[in-house]
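Before any comments, here is the structure.
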Amino acid sequence: MVNYLKASAKAVRVFAGPLAAPFEGVLSLYEDEQTEKRQAELDAMINEVQNVSRETLGEIFEARTDIKELREQFILGMEICFSILAQNRKLLSSPDLEENLPFLMEPYREKLETSGLITDEVLADELCKFYKTDSRLFLRHISTNFPVEELRHNEALPVIIYDFLTRCSAQELKQQLQIFNTLSQKNKGSKRLKEKSLILQEQVINQIGG
C-alpha cells in the first residue's frame, strides 16, 4: 500500500508552493517506529470513515516546541488531506496519490489560507498589501540579501513580487531566512511575514541539527 502519510505531506508541500516548508521533512523528525504508529492510528480512523480533525492530528503529532510553527502548518494541510482520504478511500491504494492530492486539495484553498496556511498566494497578497504600489521600497528592503537585478523592475508590483517569490525559493535556506527576517522587521504589522520568518528559522535550525 502507498505510504499515504508521506504522500500527503508531499502533496501539501506541492499545494503550498515553492516557498512552502518541506512538510515531508517533519516526518523525518520522528523515529520510523513512531511514524508507523501514527499511520496505523490514521488507518483505523479512515477505515471507520472518520474525518481526522486538527485536534486529533495535534495529539498524533505531539507538540515539539522547536518545530512549533512548522508543525502548525503541517497539521493544517494534513487535516484536509485526511478528510479527503476518509471520503475517497480508494485513493489509499492509488499509485497516483501523490500526484492527485494537490488537485483534490484545491477546493479547500480558501479554507486553508483563512486558517493560516502560508502559500505563495498568501505571501504575495501580504506583500502587495504592505508595499501597495511602492516597488522601489520593496526592492530596497530585499536588496541586501537578494539579487534584485534578476527581477523585472519595470513591471507592476504584483508581477515583481511573484517573480521574487519564485526566485527566492532557489536561494539557500539561510538566505531566505535573512530576506524574510528583513521583510518581517520592515513590516511589523504582518503576522504572516513573521510566521514565514519563524518557519524558515526552524528549517535552518533543523538543517544544522540534521
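If you're wondering where the values come from, they're calculated on a predicted model, not measured in any experiment. The basis for the numbers below is simple: all heavy atoms, side chains too, and nothing from hydrogens, waters or symmetry mates. Position 1 is the first residue of the sequence; numbering continues from there.
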Nearest heavy atoms of Met105 and Ile80, plus distance in Å: CG-CG2, 4.3 Å

Tyr4 side chain vs Asp43 backbone, donor-acceptor pair below 3.5 Å: yes

Rounded distance (nearest 0.5 Å) linking atom NZ of Lys129 with atom CG of Leu193: 9.0 Å

Qualifying residues under side chain to side chain contact (heavy atoms under 4.5 Å, CB included), relative to Thr133, sequence neighbours excluded: none

Single-linkage hydrophobic cluster Tyr108~Phe103, side-chain heavy atoms < 4.5 angstrom: no

Close side-chain approach of Ile118 and Leu123, heavy atoms under 4.5 Å: yes

Pairwise distance OG(Ser8) to CD(Glu24) - rounded to 0.5 angstrom: 11.5 Å

Cluster link Val148 to Leu137, ILVMFWY, side chain under 4.5 Å: yes

N-O pairing of Glu121 and Arg109 below 4.0 Å: yes

Glu110, CD atom: more than 12 neighbouring heavy atoms under 6.0 Å: no

Closest contact, heavy atoms only, Gln175 versus Pro147: NE2-CD, 4.2 Å

Path from Phe130 to Leu139 over hydrophobic side-chain contacts below 4.5 Å: yes

Main-chain N/O of Thr35 paired with Gln39 side-chain donor or acceptor, under 3.5 Å: no

Worked verdict on Asn145 versus Asn181 for side-chain contact (heavy atoms from CB on, under 4.5 Å): CA-CA 10 Å; Asn145 300 296; Asn181 269 344; over 6 Å; no

Joint hydrophobic cluster, Val14 plus Leu85, side-chain heavy atoms closer than 4.5 Å: no

For Ala9 against Leu27, the heavy-atom pair lying closest together: CB-CD1, 4.3 Å

Residues that Cys128 engages under side chain to side chain contact (heavy atoms under 4.5 Å, CB included), provided they are two or more places apart: Pro158, Ile161

Working for side-chain contact (heavy atoms from CB on, under 4.5 Å), residues Leu42 and Leu57: CA-CA 9 Å; Leu42 293 165; Leu57 283 171; 4.0 Å; yes

Pairwise side-chain contact, Lys10 with Leu101, heavy-atom cut-off 4.5 Å (strictly under): no

By salt bridge (charged side-chain N to carboxylate O under 4.0 Å, His left out) - contacts of Arg54 (at least two apart): Glu72

Nearest-0.5 Å distance, OG of residue Ser184 to CD of residue Glu126: 10.0 Å

Check: Leu165 and Pro18 side chains under 4.5 Å, non-hydrogen atoms: no

Ser83 and Val52, any side-chain heavy atoms less than 4.5 Å apart: no

Leu104 side chain reached by Asn88 side chain, heavy atoms, under 4.5 Å: no

Thr182: side-chain hydrogen bond (donor to acceptor under 3.5 Å, both in side chains) partners, not counting sequence neighbours: none

Under 3.5 Å donor-acceptor, Asn187 side chain and Ser190 backbone: no

side-chain hydrogen bond (donor to acceptor under 3.5 Å, both in side chains) partners of Ser135, counting only residues at least two apart: none

For Tyr131, all residues meeting ring pair (Phe, Tyr, Trp, His ring centres under 6.0 Å), sequence neighbours excluded: Phe138, His141

Between CG on residue Leu198 and NZ on residue Lys196, distance to nearest 0.5 Å: 11.0 Å

Glu172 atom CD, over 12 foreign heavy atoms within 6.0 Å: no

Greater than 12 external heavy atoms within 6.0 Å of Glu106's CD: yes

Parallel, tilted or perpendicular: rings of Phe164 and Phe180 (30°, 60°): tilted

Qualifying residues under side-chain hydrogen bond (donor to acceptor under 3.5 Å, both in side chains), relative to Thr56, sequence neighbours excluded: Ser53

Check: Glu69 main-chain N/O paired with Glu202 side-chain donor or acceptor under 3.5 Å: yes

Exercise: identify the closest heavy-atom pair between Met78 and Val12: N-CG2, 4.1 Å

From Ser94 atom OG to Asn100 atom CG, the distance as rounded to the nearest 0.5 Å: 5.5 Å

Nearest heavy atoms of Gly58 and Ile75, plus distance in Å: CA-CD1, 3.7 Å

Side chains of Lys37 and Glu41 in contact at under 4.5 Å (non-hydrogen atoms): yes

Pairing residues for Arg89 by the salt bridge (charged side-chain N to carboxylate O under 4.0 Å, His left out) criterion, not counting sequence neighbours: none

Check ion pair Glu62-Arg38 (N to O, under 4.0 angstrom): yes

Reported NE2-to-CG distance for the pair His153 and Asp163, which is rounded to 0.5 angstrom: 9.0 Å

Residues in salt bridge (charged side-chain N to carboxylate O under 4.0 Å, His left out) contact with Glu55, at least two apart in sequence or another chain: none

Gln178 and Phe146: CA distance, side-chain angles, deciding distance, side-chain contact (heavy atoms from CB on, under 4.5 Å) verdict: CA-CA 9 Å; Gln178 290 171 338; Phe146 184 86; over 6 Å; no

Exam field: side chain Gln201 to backbone Leu177, donor-acceptor pair closer than 3.5 Å: no

Set of salt bridge (charged side-chain N to carboxylate O under 4.0 Å, His left out) partners for Glu155, sequence neighbours left out: none

Minimum side-chain heavy-atom gap Leu173-Leu200 below 4.5 Å: yes

Gln176 and Leu19: CA distance, side-chain angles, deciding distance, side-chain contact (heavy atoms from CB on, under 4.5 Å) verdict: CA-CA 9 Å; Gln176 292 183 47; Leu19 276 181; 3.2 Å; yes

Cluster link Tyr162 to Ile179, ILVMFWY, side chain under 4.5 Å: no

Qualifying residues under side-chain hydrogen bond (donor to acceptor under 3.5 Å, both in side chains), relative to Ser169, sequence neighbours excluded: none

Residues that Pro22 engages under side chain to side chain contact (heavy atoms under 4.5 Å, CB included), provided they are two or more places apart: Gln203

